[in-house]
A.B. asks: 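Before I ask anything, let me first share the structure, which is written out below as C-alpha cells.
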There are 2 protein chains.
Amino acid sequence: MDRIQLQNSFQAYFNELGYDIDWQRLTVPMDVHVIRKGDYLFQQGDFANRLYFLHSGLVRYVSVSDEGKEFTQTFAKSPRIIGSTKAMVTETRVLFGIQALEDSMISSYPWRAFYEQMRQDVGFLECYAKFLERIFIAKEERENAFVKHSAERRYLDFCADYPELKNVIPQQQIASYIGITPVALSRIRQKLNRR
Amino acid sequence: MDRIQLQNSFQAYFNELGYDIDWQRLTVPMDVHVIRKGDYLFQQGDFANRLYFLHSGLVRYVSVSDEGKEFTQTFAKSPRIIGSTKAMVTETRVLFGIQALEDSMISSYPWRAFYEQMRQDVGFLECYAKFLERIFIAKEERENAFVKHSAERRYLDFCADYPELKNVIPQQQIASYIGITPVALSRIRQKLNRR
DNA sequence: ACCAATAATTAACCTAGGTTAATTTCTTCT
DNA sequence: AGAAGAAATTAACCTAGGTTAATTATTGGT
C-alpha cells in the first residue's frame with residue numbers, strides 16, 4: 001500500500017489535535033506491521049523505541065509481573081498513536097507489551113529520527129505536547145479510579161467507558177484491566193446479577 | 001522580592017530541560033504564595049488552572065476518597081514545577097490537593113495566558129514537551145511498581161528513592177504513598193526489623 | 001519542663017480478593 | 001455435528017491488608 005495513502009487515515013486524528021501533518025515532507029523510512037489477533041507488536045522488555053500508528057484493529061497494553069500475573073494498562077482502538085513514551089524517549093526497555101485483540105495494521109517510524117525531522121515545525125510541537133497532555137491526563141484519571149474506587153465500581157466504570165469492548169474481549173482481560181483475577185470478577189458479576 | 005530575581009532560581013531547572021527561559025519577556029501577572037507546613041496550596045476539587053513554581057520547600061500531592069482515605073500520589077521538592085496538568089489544560093476541578101510538608105514559597109501564573117505568551121517560542125515548546133514526557137514517564141513507572149510489587153517491596157523502594165524524606169515526614173504519609181494504612185506499614189516495619 | 005496533641009505500635013478480629021480445583025459453557029476447527 | 005481447547009463459573013479455603021481500639025512514644029507550644 002502507498003505510504004501517503006496509508007498515513008492519510010490519520011488526518012482526522014491530527015486535525016483533532018489541531019494540526020495538519022505533511023506526510024510528504026517526512027523522509028524517515030516507515031515500517032508496516034500486520035499483527036494477527038493474539039500476537040504481540042512488541043513484548044515487555046524489548047527496545048521499542050518507535051512511534052506506532054494503529055491504522056486498523058484493537059490492541060491492549062499488558063504488563064506481567066514476576067509471578068506471571070497479567071495487568072492490562074489500557075486498550076487502544078484505531079486510529080490511534082501507540083507505543084511507549086518511556087521506551088521511545090529514554091531508549092530503555094519497555095515495561096509492557098502491546099498485544100493485538102483483533103487483527104491489526106500498524107505503521108511505524110524510529111522515534112529519534114522522526115522527532116528530529118518534525119521538531120522544526122511549531123505546529124508539530126504543539127500537537128505533540130497536546131498528545132502528551134492527553135495521555136498524561138488519561139493516566140491521572142486511571143490512577144484516581146484505582147485509588148478511590150472498589151473493584152466492583154471499576155468494573156461498572158469499565159462497562160460504561162468501553163461498551164463496545166464489553167462483549168468482544170474475554171472476561172479475563174477485563175479482569176486484568178480492573179486489576180483483579182478472573183475468578184474475582186466472576187464473583188462480582190454473580191453478585192451484580194442477583195440484584 | 002523582585003520577580004525576575006525570584007524566577008532566576010529556576011534557571012538551572014530549565015537548563016536541565018535544555019531551555020533558557022527569558023523571564024523579562026513574560027508579562028503575565030505573577031502571584032506569590034507562602035504556604036506554611038501542613039497547609040494546602042489548593043484542595044482537591046478546586047479549579048487550580050495555574051502553573052506553579054515551587055521555589056523552596058517540600059509538598060505532596062494528596063487525593064482523598066469518599067470514605068476519607070488519603071492517598072499520596074507523589075512528593076515534590078524545590079526547585080520544581082508543580083500543579084495539575086489536567087486542571088490546567090482542561091479547566092476542570094483538580095483530582096488532588098497539594099499540601100506543604102515544609103514551609104514553602106511558590107510563584108504562579110494563569111496557565112492559559114502563560115502558554116499563549118510562550119507558545120511562539122519553539123524552545124519553550126520543546127521544553128514543555130520534555131517536561132510532559134518526564135512526568136508521564138514517572139507515572140508510568142509508578143503504575144508499574146504498584147502493579148508488579150508488594151507493599152513491602154514498595155516500602156523498601158520508597159526508602160531507596162527518597163532517603164532524605166524517610167526520617168523527615170510522618171510514617172502515615174509514607175503509608176499513604178505506598179497505598180496502605182499506617183497500621184499495615186507498622187506491621188511491615190516490625191517484620192523487617194525482626195530480621 | 002510540662003501538658004496536650006499527634007504519631008506509632010501492637011493485638012484481636014474482619015473482609016476483599018487470591019488460590020486451587022472441579023464443573024460447565026463457549027469457541028473453533030475439521 | 002462432534003471433539004478438543006479455551007473461558008467462565010462455582011465452591012472451599014487462604015492471606016494480605018483493613019478496622020477498631022488500647023497502649024506507648026514523640027512533638028510542639030507555652
Side-chain angles (χ1 to χ4, degrees), chain A residues 36-40 58 60 62-72 75 99-103 145-159 165-195, chain B residues 36-40 58 60 62-72 75 99-103 145-159 165-195:
Chain A
R36 318 237 37 195
K37 176 174 176 171
D39 290 346
Y40 282 80
L58 172 71
R60 69 198 263 240
V62 51
S63 68
V64 11
S65 72
D66 295 340
E67 300 86 53
K69 218 180 305 171
E70 284 193 353
F71 175 71
T72 297
F75 301 100
Q99 183 188 32
L101 302 184
E102 296 169 358
D103 292 356
F146 250 89
V147 165
K148 294 192 184 154
H149 304 328
S150 66
E152 181 178 322
R153 168 72 184 277
R154 262 147 41 218
Y155 173 62
L156 263 11
D157 285 350
F158 167 84
C159 294
L165 289 192
K166 201 189 162 233
N167 300 305
V168 171
I169 65 176
Q171 239 171 73
Q172 28 182 333
Q173 285 172 15
I174 302 179
S176 91
Y177 177 76
I178 292 167
I180 58 179
T181 59
V183 179
L185 176 56
S186 188
R187 250 184 324 229
I188 287 174
R189 283 162 50 83
Q190 174 185 245
K191 209 183 96 196
L192 289 171
N193 279 331
R194 271 207 306 264
R195 293 195 195 141
Chain B
R36 319 238 37 198
K37 175 174 176 173
D39 290 345
Y40 282 79
L58 173 70
R60 70 198 265 241
V62 50
S63 68
V64 10
S65 71
D66 295 339
E67 300 87 51
K69 220 179 303 170
E70 283 193 354
F71 176 71
T72 297
F75 300 101
Q99 183 188 32
L101 301 183
E102 295 171 357
D103 293 354
F146 251 89
V147 165
K148 292 191 186 154
H149 304 328
S150 66
E152 180 177 324
R153 168 71 184 278
R154 261 145 42 216
Y155 173 63
L156 262 12
D157 286 349
F158 167 84
C159 295
L165 289 192
K166 197 186 164 237
N167 300 303
V168 171
I169 66 176
Q171 239 172 75
Q172 28 182 334
Q173 284 171 16
I174 303 179
S176 89
Y177 177 75
I178 292 167
I180 58 179
T181 60
V183 179
L185 176 56
S186 188
R187 249 181 329 226
I188 287 173
R189 282 161 51 83
Q190 173 184 247
K191 208 182 98 197
L192 290 171
N193 279 332
R194 273 207 303 266
R195 292 195 194 141

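In what follows, chains are A, B, ... by sequence order, proteins preceding strands, each numbered from 1.
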A.B. asks: For DNA chain C, which residues of residues 171-180 of chain B approach it to below 4.0 angstrom with any heavy atom?
C.D. replies: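 Here the set is B:Q171, B:Q172.
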A.B. asks: From CD1 of A:I188 over to P of C:dT15, roughly how many Å is that when rounded to an integer?
C.D. replies: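 Spelled out: CD1 on A:I188 to P on C:dT15 is 17 Å.
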A.B. asks: To the nearest Å, how far apart are A:R187 CZ and C:dA16 C1'?
C.D. replies: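 Distance check: A:R187 CZ to C:dA16 C1' gives 8 Å.
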A.B. asks: With a cut-off of 3.5 Å and sequence neighbours excluded, list every side-chain donor-acceptor pair involving residues 165-174 of chain B.
C.D. replies:
from	atom 1	to	atom 2	distance (Å)
B:Q171	OE1	B:R189	NE	3.1

A.B. asks: Compare the minimum distances between each of D:dG18, C:dG18, D:dA8 and the side chain of A:P170, then state the nucleotide with the smallest one.
C.D. replies: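 So the side chain of A:P170 is nearest to D:dA8.
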A.B. asks: With sequence neighbours left out, write down each residue that passes salt bridge (Lys or Arg N to Asp or Glu O under 4.0 Å) with A:D157, or none if nothing qualifies.
C.D. replies: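 Checked A:D157 against salt bridge (Lys or Arg N to Asp or Glu O under 4.0 Å); matches are A:R153.
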A.B. asks: Please state how far atom NZ in B:K69 lies from atom P in C:dT15, giving the value in whole angstrom units.
C.D. replies: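 The answer, rounded to whole Å, is 14 Å.
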A.B. asks: How long is the straight-line distance from CG of B:L156 back to OG of B:S150, given to the nearest 0.5 Å?
C.D. replies: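 So the gap between those two atoms works out to 8.5 Å.
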A.B. asks: Distance check, rounded to the nearest 0.5 Å: A:Q99 atom CD versus A:L58 atom CG?
C.D. replies: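 The distance works out to 10.0 Å.
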A.B. asks: Using whole Å, report how far CG of A:L185 lies from C1' of C:dG18.
C.D. replies: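 After rounding, the reported distance stands at 14 Å.
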A.B. asks: How would you list, by chain and number, every residue that makes a side chain to side chain donor-acceptor pair (under 3.5 Å) with B:D103, sequence neighbours excluded?
C.D. replies: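 In terms of side chain to side chain donor-acceptor pair (under 3.5 Å), with neighbours along the sequence ignored, B:D103 is linked to B:R36.
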A.B. asks: Holding to side chain to side chain contact (heavy atoms under 4.5 Å, CB included), I want the full list of residues that pass it with A:A184, two or more places apart in sequence or in another chain.
C.D. replies: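 Scan of A:A184 (side chain to side chain contact (heavy atoms under 4.5 Å, CB included), adjacent residues dropped) gives A:I180, A:T181, A:R187.
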A.B. asks: Are the side chain of A:R154 and the backbone of A:A145 linked by a donor-acceptor contact shorter than 3.5 Å?
C.D. replies: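 Looks like no, no N/O pair under 3.5 Å.
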A.B. asks: Which donor-acceptor pairs under 3.5 Å do side chains of residues 62-70 of chain B form with protein atoms, sequence neighbours excluded?
C.D. replies:
from	atom 1	to	atom 2	distance (Å)
B:S65	OG	B:E67	N	3.4
B:S65	OG	B:K69	N	3.2
B:E70	OE1	B:R60	NH2	2.9

A.B. asks: In whole Å, what is the span from the NZ atom of B:K191 to the C1' atom of D:dG17?
C.D. replies: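 Whole-Å distance recorded here is 12 Å.
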A.B. asks: OP1, OP2 of C:dT9 versus side-chain N and O of B:Q190: anything below 4.0 Å?
C.D. replies: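 No, outside the criterion.
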A.B. asks: Indicate for each nucleotide in nucleotides 20-28 of chain C, in 5' to 3' sequence, whether protein heavy atoms under 4.0 Å reach the base (B), only the sugar-phosphate (S), or nothing (-).
C.D. replies: B--------
A.B. asks: Kindly indicate whether the side chain of B:F71, heavy atoms from C-beta on, has any atom under 4.5 Å from the side chain of A:F146.
C.D. replies: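 In short, these two side chains do not touch, never coming nearer than 4.5 Å.
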A.B. asks: Could you work out how much the helix from C:dA1-D:dT30 to C:dT30-D:dA1 bends, comparing the axis of its first five pairs with that of its last five, to 10°?
C.D. replies: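 The value is 60°.
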A.B. asks: When the distance from CG of B:N193 to C1' of C:dT9 is rounded to whole Å, what number comes out?
C.D. replies: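 Rounded to the whole Å, the gap is 12 Å.
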A.B. asks: Could you give the CG-to-C1' distance, from A:N167 to D:dA7, as a whole number of Å?
C.D. replies: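 It works out to 15 Å between those atoms.
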A.B. asks: Provide, to the nearest angstrom, the distance between the CD atom belonging to A:E152 and the P atom belonging to C:dG17.
C.D. replies: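 Answer to the nearest Å: 9 Å.
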A.B. asks: Checking contacts here: which listed nucleotide (C:dT9, D:dT9, C:dG17) is nearest the side-chain heavy atoms of B:S186?
C.D. replies: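 Out of C:dT9, D:dT9, C:dG17, the nucleotide with an atom closest to B:S186's side chain is C:dT9.
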A.B. asks: Is the distance from OP1 or OP2 of D:dT9 to the nearest side-chain N or O of A:R189 less than 4.0 Å?
C.D. replies: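 Indeed, a polar side-chain atom of A:R189 lies that close.
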